[in-house]
Amino acid sequence: MDKTLTNYLTDPTYDNKYCYLLIDMLGYVSEISPLHLDNIKENVKSDQIAIISRPELAYDLNACPHLIVIKEPNEKLNNKLVRASVGIVIREHLFTKNYICGWIVSEFPPEVLAQKCLDFGSQCGRLFNLPFLTFYEPFRMQLLQDCNGFFPHWLPSIINWCDSYFYADVSQTIRTIQPIRDFDPMDRVLTEEEKYYQHQAKNLLALYKAWNNIYLKLNKTTVSGNKAQLVKFCQYSYQARTLGINDVKDHDIFVLLSMKYGSLLNNEEIKNAILASQDEPGTLAEKLKQIDIAKFVASSNKN
């Protein structure tokens with residue numbers, strides 16, 4: 001992963017640009033890590049660090065995200081910090097709070113870019129009916145990039161304050177977002193589904209991690225290698241909401257079984273059990289135990 005990232009950041013087209021590491025101070029890193037903020041401050045100039053002053057955390061700037069310059073225009077990349085950041089990303093797989101959020105290439109100096117990141121989070125917050133969208137959290141960024149329905153150009157158009165944005169997705173693959181500057185980002189309305197994903201991001205990540213852990217125990221392998229799987233996972237969660245499945249346990253059972261067997265609504269008996277659980281929250285698991293789901297799977301495979 002570090003070689004891939006280094007190749008991205010040392011692309012000749014970025015020679016005259018800044019490269020940044022984006023960290024979230026609400027995450028955790030060991031005090032002995034070269035990326036602990038105290039250690040960073042000992043090894044980089046003070047003007048190479050900028051704070052993205054989140055509105056609700058402005059009273060404690062040390063808790064806000066920080067931009068760290070890892071390459072100035074026409075200078076060499078700080079490979080030590082790049083390698084260290086990748087090492088932390090690998091350890092932080094599916095963490096609720098990531099210390100390493102991403103890497104940015106931009107023409108803007110630190111303080112200017114920090115303000116643009118703040119404006120972006122505030123603007124997206126208004127769009128999603130949130131006080132501030134913590135877009136830099138890798139899982140949220142992947143939701144923005146992959147779960148936006150029929151508008152794949154929207155995120156690149158609204159993230160036009162940088163030359164490239166890199167982050168590690170749920171499969172620990174380095175993803176790239178490159179801006180599109182000739183598309184009006186306000187020329188569309190966000191769907192309720194997209195808003196749901198951002199409002200439920202923490203719950204979706206926790207359940208996705210649980211699903212991943214189940215497969216690790218059963219199959220000794222991860223299930224998070226395909227980004228389409230995450231999209232499907234989120235869609236099943238939203239489907240649960242549209243069906244009126246409001247109980248947390250019922251919701252989780254619905255999503256996990258849907259990921260295992262496919263659409264549960266294809267079978268009339270299972271569909272009736274799901275609808276019946278609306279009037280008896282917390283009973284979906286018990287109702288499904290009385291159904292031969294293996295038979296449902298067999299019949300589904302024939303279709």
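Note that the coordinates shown come from a computational prediction; the quantities given were computed from them, not determined experimentally. Side chains are part of it too, since the values below use all heavy atoms of this structure and drop only hydrogens, waters and symmetry mates.
Residues meeting the side-chain hydrogen bond (donor to acceptor under 3.5 Å, both in side chains) test with Ser106, sequence neighbours left out: none. With sequence neighbours excluded, the residues forming a salt bridge (Lys or Arg N to Asp or Glu O under 4.0 Å) with Arg175 are Asp146, Asp169, listed by chain and number. With sequence neighbours excluded, the residues satisfying ring-ring contact (aromatic ring centres under 6.0 Å, His included) with Tyr8 are Phe166. Partners of Tyr14 according to the ring-ring contact (aromatic ring centres under 6.0 Å, His included) rule, which considers only residues two or more places apart in sequence or in another chain, do not exist here. For the ring-ring contact (aromatic ring centres under 6.0 Å, His included) test, no residue two or more places apart in sequence or in another chain qualifies with Tyr165.
The two residues His66 and Cys64 make their nearest non-hydrogen contact at ND1-O, 2.8 Å. Between Pro34 and Lys80 the shortest heavy-atom distance is CB-CE, 4.2 Å. Scanning all heavy atoms of the two residues, the minimum distance from Val255 to Ser237 falls at CG2-CA, 3.7 Å. Residues Ser122 and Pro55 share a closest heavy-atom pair of OG-CG, 4.3 Å. In this structure, Val170 and His93 approach most closely via the heavy-atom pair O-NE2, 2.5 Å. Considering every non-hydrogen atom in both Tyr197 and Leu143, the closest pair reads O-CD1, 3.6 Å.
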Exercise. Is there a side chain to side chain donor-acceptor pair (under 3.5 Å) between Glu194 and Thr191 once you walk through the steps?
Worked result: CA-CA 5 Å; Glu194 288 171 285; Thr191 66; 3.1 Å; yes

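Residues Tyr99 and Ser85 bring no donor and acceptor atom of their side chains to less than 3.5 Å of each other. Between Ser277 and Glu280, the side chains place no donor N or O within less than 3.5 Å of an acceptor N or O (distance only, hydrogens not considered). Tyr238 and Glu192 share no donor-acceptor pair across their side chains, judged by distance under 3.5 Å alone. Using modelled atom types and a 3.5 Å distance limit, the side chains of Asp119 and Gln123 yield no donor-acceptor pair.
Hydrophobic clustering, with ILVMFWY side chains joined whenever heavy atoms are under 4.5 angstrom apart, keeps Leu61 apart from Leu67. Residue Ile51 is not grouped with residue Val44 when hydrophobic side chains (ILVMFWY) are merged at heavy-atom distances under 4.5 angstrom, including chains of intermediate members. Cluster annotation: Tyr167 is connected to Trp161 through the hydrophobic network of ILVMFWY side chains, with a link wherever side-chain heavy atoms come within less than 4.5 Å. Hydrophobic cluster membership is shared by Val112 and Ile158, with clusters built from Ile, Leu, Val, Met, Phe, Trp and Tyr side chains linked at under 4.5 angstrom. Side-chain heavy atoms closer than 4.5 Å link hydrophobic residues (I, L, V, M, F, W, Y) into clusters, and following such links, possibly through other members, connects Leu144 to Ile52.
A side-chain hydrogen bond (donor to acceptor under 3.5 Å, both in side chains) check over residues 33-51, counting only residues at least two apart or in different chains, returns the pairs Gln48-Glu72.
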Enumerate, atom names and distances included, each donor-acceptor pair closer than 3.5 Å involving a side-chain atom of residues 199-206, sequence neighbours excluded.
residue	atom	partner	partner atom	Å
His199	NE2	Phe128	O	2.7
Gln200	OE1	Asn203	ND2	2.8

For a quick test of your reading: what N or O donor-acceptor pairs under 3.5 Å do the side chains of residues 16-23 make, sequence neighbours left out?
residue	atom	partner	partner atom	Å
Tyr20	OH	Phe108	O	2.6

Using atom types as modelled, flag every donor-acceptor pair under 3.5 Å from a side chain in residues 130-138 to any protein atom, sequence neighbours excluded.
residue	atom	partner	partner atom	Å
Thr134	OG1	Glu137	OE1	3.3
Thr134	OG1	Glu137	OE2	3.2
Thr134	OG1	Arg140	NE	3.1
Tyr136	OH	Arg54	NH1	3.1
Glu137	OE1	Arg140	NE	3.2
Glu137	OE2	Lys97	NZ	2.9

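For Lys287, the NZ atom sits in a packed shell: over 12 heavy atoms of surrounding residues, nucleotides or ligands are nearer than 6.0 Å. Around the CD atom of Glu31, the shell of radius 6.0 Å holds no more than 12 heavy atoms that belong to other residues, nucleotides or ligands. Enclosure of atom NZ in Lys195 by more than 12 non-hydrogen atoms of other residues, nucleotides or ligands within 6.0 angstrom is indicated.
Using a 4.0 Å cut-off between charged nitrogen and carboxylate oxygen, Glu268 and Lys271 do not count as a salt-bridge pair.
Using modelled atom types, no side-chain atom of Asp250 and backbone atom of Ile245 make a donor-acceptor pair closer than 3.5 Å. Panel note: side chain Asn98, backbone Ile100; no donor-acceptor pair is recorded below 3.5 Å. Between the side chain of Asn212 and the backbone N or O of Tyr208, no donor-acceptor pair lies under 3.5 Å. Counting only distance, with no hydrogens or angles, the side chain of Asn160 and the backbone of Ser157 share a donor-acceptor pair below 3.5 Å. A distance-only check finds a donor-acceptor pair linking the side chain of Gln278 to the backbone of Leu243 [under 3.5 Å].
The hydrophobic cluster of Leu275 has no other members, since no ILVMFWY side-chain heavy atom comes under 4.5 Å of it. Side-chain contacts under 4.5 Å among hydrophobic residues (ILVMFWY), followed directly or transitively, place Leu57 together with Leu26, Tyr59. Annotation for Tyr28: hydrophobic cluster partners, listed by chain and number, are none (ILVMFWY side-chain heavy atoms under 4.5 Å, direct or chained).
Contact of the Cys147 side chain with the Cys234 side chain is registered, since non-hydrogen atoms from C-beta on lie closer than 4.5 Å.
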